[in-house]
Amino acid sequence: MTAPVETWAQQVRAGEVRAISRAITAIENHVPEAEALLQRLFAGTGQAYLTGVTGAPGTGKSTLVDRLAAYYRKKDEQVGVIAVDPTSPYTGGAILGDRIRMQSHADDAGMFIRSMATRGFMGGLARATAEVALLLDAAGKRQVLIETVGVGQDEVDIVRLADCVLVVLVPGLGDDIQNMKAGLMEIGDVFVLNKAEREGADRLEQQLLTMLSLVPSRDGWQPPVVRTVATENKGIEVLAETVRRFRSHFEKSGERQRKHIEHWKRRLLGMIESRLVDRVLGGPGGEARLAQMAREVAARKKDPFTAVNEMLAGSGISV
Ligand SMILES: Nc1nc2c(ncn2[C@@H]2O[C@H](COP(=O)(O)OP(=O)(O)OP(=O)(O)O)[C@@H](O)[C@H]2O)c(=O)[nH]1
Ligand SMILES: [Mg+2]
């Protein structure tokens, strides 16, 4: 942390890998330097297109991201990839697999890949991912791909960040549209039917189309289904073209702008919230104070309103 922030920012803008990596670590650790850096970089952002890739474990998200990234690189677009590691222990093997596969781009300066562990963020994962996306945007990555397993609220928050959301499904995971939550159905802008060479692809496509016909179209966009065999690079071009079509559709209708305003409303709220929490509970003894208050409230020794007032007042916030 010796270089002054402005030098650091210049290095990031120039796409220097070491400067970007160091910035991501700072973001992950939520250190004040990260904020100072992003403040400087912010004006130069808003150029990247964020594509979120989500779906059940093992559906081929990483393979798809890898192929899409290669496709964009061929078009001479710089690419950033954020892979949010799934926490489920049974996907542990796939994480290593990701790293190995992604190494095929290791010597390409136009591509930056970072895996983010979900442990240790205490609900701040969506924030960290959003900030890393901003950073990659500032670093000139025009296509940013974010992979996340579509399971929890955290993941849904991450996916909301994206300009375009790809929901990945595969044949043969059961009849209930692979335990997919209704929320994911609504969040998908494009549905990717991967492993389409497998038995049951036609039936799944039929099921999907039926379900999607029940979802009201947004601004004239009916989410399409694109069939891919990621391992064989099949359907990738059609998929990229579909994303491009979605992009121009929404840029024309002004929906993207509206989505960004919604996004910043949520982000600003979240930032206010976390600032307040830091202020009230940050520093030594914060957790213990919270636990103590919780015990008193649970035992009905104190009502929660008084408890909150006391904690706010204790940190110098007038109530
Ligand atoms: N048959 C077939 N296998 C595929 C296809 N795409 C990916 N796979 C394989 O499916 C397995 C899982 O692929 P990943 O890309 O790691 O899947 P993922 O969704 O990223 O997995 P997690 O990150 O663990 O959730 C790997 O063995 C891939 O080689 C495909 O189109 N057809
Ligand atoms: Mg993966």
Side-chain angles (χ1 to χ4, degrees), residues 50-72 79-106 111-119 121 125 129 132-133 143-159 161-162 164-174 177-181 183-185 187-188 190-205 208 225-240 242-243:
L50 271 57
T51 303
V53 181
T54 191
T59 46
K61 298 178 295 295
S62 297
T63 316
L64 277 165
V65 164
D66 195 53
R67 296 304 161 105
L68 270 176
Y71 175 88
Y72 290 131
V79 180
V81 174
I82 309 170
V84 181
D85 283 347
T87 37
S88 345
Y90 56 86
T91 55
I95 294 171
L96 184 62
D98 282 352
R99 298 243 162 86
I100 291 165
R101 207 165 26 250
M102 293 294 198
Q103 273 171 12
S104 57
H105 303 289
M111 176 111 158
F112 186 93
I113 298 154
R114 179 70 167 236
S115 236
M116 313 235 311
T118 48
R119 274 172 288 276
F121 280 100
L125 183 65
T129 309
V132 171
Q143 296 287 349
V144 173
L145 303 165
I146 306 172
E147 176 194 344
T148 169
V149 175
V151 280
Q153 183 57 44
D154 237 9
E155 283 78 9
V156 173
D157 285 347
I158 290 167
V159 151
L161 190 78
C164 179
V165 176
L166 310 183
V167 172
V168 186
L169 298 121
V170 297
L173 277 191
I177 297 257
Q178 17 233 299
N179 313 316
M180 195 156 74
K181 295 182 189 149
L184 266 190
M185 234 27 223
I187 227 165
V190 175
F191 287 80
V192 184
L193 200 166
N194 191 39
K195 309 198 184 181
E197 86 281 15
R198 286 195 178 167
E199 171 100 36
D202 289 339
R203 202 169 65 97
L204 176 60
E205 181 168 6
L208 256 173
V225 178
V226 178
R227 290 169 80 134
T228 57
V229 183
T231 39
E232 292 168 30
N233 214 20
K234 282 190 186 147
I236 301 302
E237 195 167 342
V238 176
L239 180 58
T242 308
V243 172

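Both counts, for ligands and for their atoms, begin at 1 and track the order of listing.
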Has the side chain of [X] got a donor or acceptor atom that lies under 3.5 Å from a matching backbone atom of [Y]?
X: Lys61; Y: Gly55; answer: yes
X: Asn194; Y: Arg227; answer: no
X: Thr54; Y: Thr148; answer: yes

Handout entry: Distance filter under 4.0 Å to Pro57 heavy atoms, resulting ligand 1 atoms
Key = 25 (O)
Practice task
Considering the heavy atoms of Gly58, write down every atom of ligand 1 situated less than 4.0 Å from one of them.
Solution key: 12 (C), 17 (O), 18 (P), 19 (O), 21 (O), 22 (P), 24 (O), 25 (O)
Handout entry: Option set Lys195, Glu197, Arg198, criterion heavy-atom distance to atom 1 (N) of ligand 1, minimum
Key = Glu197
Handout entry: Shortest heavy-atom approach to atom 7 (C) of ligand 1 - which of Thr63, Leu64, Thr54
Key = Thr63
Problem - Any Glu147 heavy atom less than 4.0 Å from ligand 1 - result: yes
Exercise for the section: Looking only at N, O or S atoms, find the one in Glu147 nearest to the Mg ion (ligand 2) and name it. Expected result: OE2
Locate the shortest heavy-atom distance separating [X] from [Y]; write the atom from each residue and the value.
X: Ala230; Y: Thr63; result: CB-CG2, 3.7 Å
X: Ile187; Y: Val165; result: O-CB, 3.4 Å
X: Glu147; Y: Val65; result: CB-CG2, 4.2 Å

Practice task
Evaluate whether atom CD of Glu232 has more than 12 neighbouring non-hydrogen atoms of other residues, nucleotides or ligands under 6.0 angstrom away.
Solution key: yes
Problem - Any N or O of Ala230 closer than 3.5 Å to N or O of ligand 1 - result: yes
Practice task
Flag Ala196 as yes when one of its N or O atoms lies below 3.5 Å from any N or O atom of ligand 1, and as no otherwise.
Solution key: no
Handout entry: Heteroatom test (N, O or S) for Ser62 near the Mg ion (ligand 2), limit 2.8 Å
Key = yes
